[in-house]
Structures are given as C-alpha cells and as structure tokens.
*Asks:* 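To start, I am sharing the structure in question, which I have written as structure tokens.
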2 protein chains.
Amino acid sequence: EQAMISAVTSDSSEAKVTVAGVPDHPGVAARLFRALADHSINVDMIEQNVSLQGTTDISFTVPHEDLATAEEVSSSLMGAIEATEVLADPDIATVSIIGAGMKTHPGISATMFETLAAEGINIEMISTSSIRLTCVVRADVVDKAVVALHRAFNLENE
Amino acid sequence: EQAMISAVTSDSSEAKVTVAGVPDHPGVAARLFRALADHSINVDMIEQNVSLQGTTDISFTVPHEDLATAEEVSSSLMGAIEATEVLADPDIATVSIIGAGMKTHPGISATMFETLAAEGINIEMISTSSIRLTCVVRADVVDKAVVALHRAFNLENE
Ligand SMILES: C[C@@H](O)[C@H](N)C(=O)O
Ligand SMILES: C[C@@H](O)[C@H](N)C(=O)O
C-alpha cells in the first residue's frame, strides 16, 4: 500500500468560499460561476456534495488575492440564488497524496485519514481524482500533516 | 475557452453512498474508510464539503456490484461515527470535461454548468482536479449531458 503513493504535496496559496444553503435545482451553479468568471476570478477547487433536504452548499477555492472579490461577488448573488450565507475562509491549506491505483487499494484513503486523525488534524473537506486524494485542513497544521503523511507512506527521504 | 477542453467523458459504472450528519471531528473519515477497506470495497470518488454547524456529509462512489456491501458497512458504523443516515443511490452517473488551464479560464466551469442547466439537468455533486471538472447527475440524463457538452465545447466530431 505504501508503495502506491509517490508524493505528498501541500498548497497554502488559496482561500475558500462557501456559498451555503442554495436550492438544489438547475441554474444555481451556472449563475454563481458565471458571475465569478465575469470578475475574472481564478477558481481552482469546486466542491459540492449532495443535497439532503433540497439545499446544498457550494465551496470553491481562489488565490488569496482574489478572496475579497470572490466573497463580494458571491454575497451580491445571495438573493438571486437564494443562498443562506456566504463564508470566506482564508486560513485553509490542502494536503494531497498522489499515486496510481488508489481505487483498487482502498486502504490508502484509510491510511491517509488515520494519519491525520492521529495528529489530531481535522479533515474539513475531501476531494479525489484518479491519482490524487486531497484534504482541506487548517493552514497552521498543514506542515505537520505533510510530515506525518511522508512517514505513513514511507516517503521520508523525499 | 472552447479550445481549452479536449474531451467530454462519462461514467455510469458506479453508485453513490452518502453517510450523512457525521460530527466534524478527527477520526470519523478514518473509521469509515478503514471499515470499507477491510471489506475490500473499491472506493473511487470521495467528497466531503465543510461543516457549517458541526456536522457534515461524506459521499463516496463504488462499483455497482459493491453498493450493497458499502451500504451495509456504512450503516453498521452509524452508531460508532454518529451518522444520522446512510443513503445508497444506484442511479447516478458522472460527466466530466477534461482540459488544461481550467484554473486560469474561469468561464469554463460556468459554461459547463450553464450547458447542463439549459438541458434542465440538475448538478448533484461537483468535484474538480487540475485537469478535470466532474458533475454527478441522474444516470438517465448523462447521455444528453454528454451531447450538450460536446456541442458547447466544439467537440462535436469527437
Ligand atoms: C446546487 C447546484 O449545483 C444546482 N444543483 C445546479 O444544478 O446548479
Ligand atoms: C468528517 C470527517 O472528515 C472528520 N472531519 C474527520 O476528520 O475525520
């Protein structure tokens, strides 16, 4: 399992916006992201989980320098898209493990999450791609997370 | 903008499980995914957005043949991880656009979302990587989504 992971990376260059409580019907994501695009906001991660009672939250990350504008644009849309609140969070970082074949090695995600839990690090968001598993954590613990993950996946000399 | 997207893909081979209402403190994700790994469940996407009032939802996808076991394992953990419900959803599909430089071309996500909205397709989950933007939609509309996205990104002859 350790052999599957080739790198641990982190990124502290971005901040997060969460547009919360939006009705889960067509057109909402389109409206929000067209407005952000119109303001030339470079959006990196976009995360939306399922709605359970008709509303859901959309989170996205932007470079720190774009946070104020992103929050402003999102807030100005609150009425139009019926969001209940817009939260801006500059104090995040992402930590990722990178490797092939993670889908067929289910223990890998468990090991990442156990490693962070053992450090008392709360996992605030989780996102995956075929070769990368990313967790959003508090920025002030990301270095501790990276060290612990290097150790857990036998990458200490990298 | 259209020039940035090189492919539209879809995947109907997976089902979704949502473990809802879990307390947002260290150890929860670890416990859930270690249990899934112990049952050899091949997890593909993992998605968790932020908690706003101390609890959050964790969704993940598995091959259709693993859905029953994944639901069972998750349900059996409900007490231990204090989840409020476990939802199994076999009727999803993912549709993705693939391209380079999406972060610096914010209109691309807006175009994808507008295209789906114009077809009346509800976006149930959103996930991103550096080169791929993925939406979870109802399985019965994914083909319509793929056709519309090919047209929107000028890939009709692909
Ligand atoms: C919440 C948002 O993604 C909505 N479901 C839409 O399709 O735009
Ligand atoms: C919700 C879950 O991700 C939790 N925050 C954990 O760290 O395990």
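Given the structure is predicted, the values throughout are model-derived calculations rather than measurements. In the text below, chain A, chain B and the rest are named by the order of the sequence lines, each starting its count at 1.
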*Asks:* Within the 3.5 Å criterion, strictly below it, is a donor on A/S109 or B/R34 matched to an acceptor on the partner's side chain?
*Replies:*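 Side chains of A/S109 and B/R34: no pair found under 3.5 Å.
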*Asks:* Hydrogens and angles aside, do A/S130 and B/R132 bring a side-chain donor and acceptor to less than 3.5 Å of each other?
*Replies:*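 Judged by distance alone, the side chains do not pair up.
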*Asks:* Rounded to the nearest 0.5 Å, how far does CG of B/D57 lie from OG1 of A/T56?
*Replies:*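 It is 8.0 Å, given to the nearest 0.5 Å.
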*Asks:* Check whether any side-chain N or O of B/E114 sits under 3.5 Å from a backbone N or O of A/A29 as a donor-acceptor pair, and report yes or no.
*Replies:*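 No; judged by distance alone, with no hydrogens or angles, the pair does not exist.
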*Asks:* Could you pull out the closest heavy-atom pair between A/P26 and B/G120, with the gap in Å?
*Replies:*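 The answer is CG-O, 3.7 Å.
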*Asks:* In the single-linkage hydrophobic clustering (I, L, V, M, F, W, Y; side-chain heavy atoms under 4.5 Å), do A/F33 and B/F153 co-cluster?
*Replies:*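 Yes, same cluster.
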*Asks:* Roughly how far, to the nearest 0.5 Å, is the CZ atom of A/F60 from the CD1 atom of B/I126?
*Replies:*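 Going from the CD1 atom of B/I126 to the CZ atom of A/F60 covers 11.0 Å.
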*Asks:* Could you state whether B/I41 and B/L67 fall into the same hydrophobic cluster, counting links through intermediate Ile, Leu, Val, Met, Phe, Trp or Tyr residues with side-chain heavy atoms under 4.5 angstrom apart?
*Replies:*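 Yes, one cluster joins them.
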*Asks:* Less than 4.5 Å apart, side chain to side chain, heavy atoms only: is that true for A/V50 and B/S59?
*Replies:*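 Result yes, sub-4.5 Å side-chain heavy-atom pair found.
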*Asks:* If we define contacts as heavy-atom pairs under 4.5 Å, which of B/L116, B/L36, B/L32, B/I121 has the most with chain A?
*Replies:*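 Of the candidates given, the most pairs with chain A belong to B/I121.
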*Asks:* Please answer whether the main-chain N or O of A/M125 pairs with a side-chain N or O of B/N49 as donor and acceptor at a distance below 3.5 Å.
*Replies:*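 No; judged by distance alone, with no hydrogens or angles, the pair does not exist.
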*Asks:* Is it true that, when you exclude B/R31 itself, more than 12 heavy atoms of the residues, nucleotides or ligands shown sit nearer than 6.0 Å to its CZ?
*Replies:*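 Atom CZ in B/R31 is not packed in, count stays at 12 or less.
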*Asks:* Using a 4.5 angstrom heavy-atom cutoff, name the option from A/V62, A/I131, A/L133, A/V43 with the most pairs to chain B.
*Replies:*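 Result: the option with the highest number of such pairs is A/V43.
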*Asks:* May I ask you to list the residues in residues 81-104 of chain A that approach chain B closer than 4.5 angstrom, counting heavy atoms only, ordered by number?
*Replies:*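 From residues 81-104 of chain A, the residues near chain B are A/E85, A/L87, A/K103, A/T104.
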*Asks:* For A/S129 and B/S129, which heavy atoms make the closest approach, and how far apart are they?
*Replies:*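 Scanning both residues completely, I find the closest heavy atoms to be CB-CB, 3.6 Å.
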*Asks:* Please name the residue in the list A/D44, A/N42, A/D66 that meets the side chain to side chain contact (heavy atoms under 4.5 Å, CB included) test with B/P106.
*Replies:*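 So the option named by the test is A/N42.
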*Asks:* Please name the pair of heavy atoms, one in A/T128 and one in B/M45, separated by the smallest distance, quoted to 0.1 Å.
*Replies:*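 Smallest heavy-atom distance, with atoms named: OG1-CA, 3.2 Å.
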*Asks:* Quick check on the interface: out of A/G27, A/A110, A/S40, who has the most heavy-atom pairs with chain B under 4.5 Å?
*Replies:*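 With the most close heavy-atom pairs to chain B, the winner is A/A110.
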*Asks:* Count I, L, V, M, F, W, Y as connected when their side-chain heavy atoms are under 4.5 Å apart, and connections chain through other members. Are A/I108 and B/I58 then in the same cluster?
*Replies:*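 Same cluster: A/I108 reaches B/I58 through Ile, Leu, Val, Met, Phe, Trp or Tyr contacts under 4.5 Å.
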*Asks:* Do you reckon B/V73 sits in the same ILVMFWY cluster as B/V22, going by side-chain contacts under 4.5 Å, direct or chained?
*Replies:*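 As far as the 4.5 Å side-chain criterion goes, B/V22 and B/V73 are connected within one cluster.
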*Asks:* Within the side chain of A/Q48, is there an N or O that forms a donor-acceptor pair under 3.5 Å with the backbone of B/E124?
*Replies:*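 Checked: pair present.
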*Asks:* What option among B/A118, B/P63, B/A117, B/G21 has the most heavy-atom pairs under 4.5 Å with chain A?
*Replies:*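 Result: the option with the highest number of such pairs is B/A117.
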*Asks:* For residues A/I46 and B/F113, determine if any side-chain heavy atom of one lies less than 4.5 Å from a side-chain heavy atom of the other.
*Replies:*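 Yes, their side chains come closer than 4.5 Å.
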*Asks:* Answer with side chain, backbone, both or neither: which region of B/L52 has an atom nearer than 4.5 Å to a non-hydrogen atom of chain A?
*Replies:*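 For B/L52, the contact with chain A is made by the side chain alone.
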*Asks:* Given that the side chain runs from C-beta out, which part of A/I123 has a heavy atom under 4.5 Å from chain B: side chain, backbone, both or neither?
*Replies:*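 Both parts, backbone and side chain.
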